[in-house]
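We count ligands from 1, going down the list as the structure has it; atoms in each ligand are counted the same way. All residue numbers refer to positions in the sequence shown, counting from 1.
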Amino acid sequence: MCYQDTIAAIATSSKNGSISVIRISGNQALEFVSKIFFHENHEPINLCECKSHSIHYGFICDEEKSIIDEVLVLIMKAPRSYTMEDVVEIQCHGGSFICQNILELLVHQGIRIAEPGEFTKRAFLNGRIDLSQAESVMDVIQSGSKIALHNSMSQLRGQIKKKIETLREMILNDIAFLEAALDDPEHITLGNFSETVKAHTVFLLGEVQHLLDNSQNGRIIKEGIYTAIVGKPNVGKSSFLNCILREERAIVTEIAGTTRDTLEEEMRIGSTLIHLIDTAGIHDTDDKVEKIGVEKARKTIEDADFIICIIDASEALTDEDRIVLEEIKDRQGVILLNKKDLTSQINREEIPYSENKRVLPFSAKTGDGLRELEEYLNQLFLTDSVSYNDEIYITNVRQKQALIETMESLTNLSHSIEDGMPEDFYSIDLMGAYEALGKIIGETLEDDIADKIFKDFCMGK
Ligand code: GDP
């Protein structure tokens, strides 16, 4: 596909750095940049005549031939470029003033400022990358942890695409055979086709289910584990938060915009990002303001991946503790018997609803038990060895939705086979699964969805 207009944007972060890069893409990129690019003696440099993938030293000058900046210019001619169009990158001195100045000169020549994500959109529309790769460009830019970066990089290399294409090919073969046999029954017999499709469907259901199962881990890799700290008032929730964060103080960031009743902090255990959310104590109250806090705590529990429930073990178990424990009885979590530095008044066995949870003695005052807790979290969630394997973690909500649609079509298909429906019934669900999988890599993508996705990108990417 060839676009009429040539686009430009600052491709580097505007905040810091001694060098900035302005990226220009389009069929007039070389011509437009040549108009503002000169040798020291003011002789023009014609980039159209230069070899692709070459670097040129010179000066960007304005209409009055005043030097704006001393720069290096890289040229990558179509199709061997990020967008598959002619691309020019101007390496100028850092700082937004110079960049803006150069951009203005380019706009004056007829270049348009790129929309967010437009370079990547062109790379996708010109067929250089598939949609899962395009989305991973965004993830690489934003990745908050080493594992998330690793995962996004593997997507960028097209791991998801490879996997999805293999699955689609299997379906496509079945569709093609079925269509051919239905069209030309004299020469192609269906034979035991339903057995073949059945076996394929079982295989495909397994593969798609596996990708879906992994997507939960994928979200954790990308976003971290949302962990709610719960317990009645005064059991030591805030002390626990301070205790666990003290170790990690250097990389702790307080999230802006949190309210009085829930406090959020981020930390890492190994390479795993953990969001800790300290909730208001859950207890019965008639106080209007407190009620709001308790409701919010309940909502936090509902949304959390993991619960850390704190009990004050220096006192006997109370009804308030029981209310909290009941609230979280079906949730994955750990129960900390806090204040172990004091004489314990609670027996593990008397803690209700604790069958599915690890119970750990703890002291937020001394930090005793912290190592066990961290080890347990690491073991429950991702360790480096799990996350650096070749598994595919689909983290994107849109891609996950497409997997769910694929599952639905495949499930319908397997019902048709089981019910002994005639083979021509298979077509619609095979196509459904094929198209749903295609959405992941952008093969059956409506333009408006593409626009929406690319709008989420940063400028210059
Ligand atoms: P929250 O209301 O659940 O957030 O509880 P706080 O963190 O404010 O703690 C309530 C009281 O218990 C404070 O006086 C803390 O110093 C004390 N406390 C918390 N953890 C421990 C502990 O492990 N040992 C002892 N001895 N006191 C603790």
How far is [atom] from the closest protein heavy atom, and which atom is that?
| atom | value |
| --- | --- |
| atom 5 (O) of ligand 1 | G236 N, 3.0 Å |
| atom 23 (O) of ligand 1 | A364 N, 2.9 Å |
| atom 2 (O) of ligand 1 | N234 N, 2.8 Å |
| atom 17 (C) of ligand 1 | K339 NZ, 3.9 Å |
| atom 7 (O) of ligand 1 | S239 OG, 2.5 Å |
| atom 3 (O) of ligand 1 | K237 N, 2.8 Å |
| atom 25 (C) of ligand 1 | D341 OD2, 3.6 Å |

Q) Would you say the side-chain atoms of T318 and D321 include a donor-acceptor pair closer than 3.5 Å? A)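 On atom types as modelled, these side chains qualify, holding a pair under 3.5 Å.
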Q | Side-chain donor-acceptor contact under 3.5 Å, N412 with E408 | A |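 The criterion, which ignores hydrogens and geometry beyond distance, is not satisfied for E408 and N412.
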Q | Evaluation steps, salt bridge (Lys or Arg N to Asp or Glu O under 4.0 Å), between D130 and K163 | A | CA-CA 13 Å; D130 75 281; K163 180 81 192 173; over 6 Å; no
Q) What part of T366, side chain, backbone, both or neither, has a heavy atom within less than 4.0 angstrom of ligand 1? A)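 Contact part for T366 vs ligand 1: neither.
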Q.
Please work out, at 4.0 Å between heavy atoms, whether the side chain, the backbone, both, or neither of D312 comes within that distance of ligand 1.
A.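 Looking at D312 and ligand 1, no heavy atom falls under 4.0 Å.
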Q. Do E375 and R371 sit within salt-bridge range, that is, some charged N less than 4.0 Å from a carboxylate O?
A.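 So E375 pairs with R371 through a salt bridge.
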(Q) Protein heavy atoms near atom 14 (O) of ligand 1, is at least one of them under 4.0 angstrom away? (A)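 No, there is none.
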Q: Might you check, step by step, whether the distance between atom 19 (C) of ligand 1 and some protein heavy atom is under 4.0 Å?
A: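 So atom 19 (C) of ligand 1 has protein heavy-atom neighbours under 4.0 Å.
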Q. L342 heavy atoms, cut-off 4.0 Å: which ligand 1 atoms fall inside?
A.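 Within the 4.0 Å cut-off of L342, ligand 1 contributes 26 (N).
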(Q) Would I351 and L337 count as a side-chain contact (heavy atoms from CB on, under 4.5 Å) here? Give the steps. (A) CA-CA 10 Å; I351 299 171; L337 298 180; 3.5 Å; yes
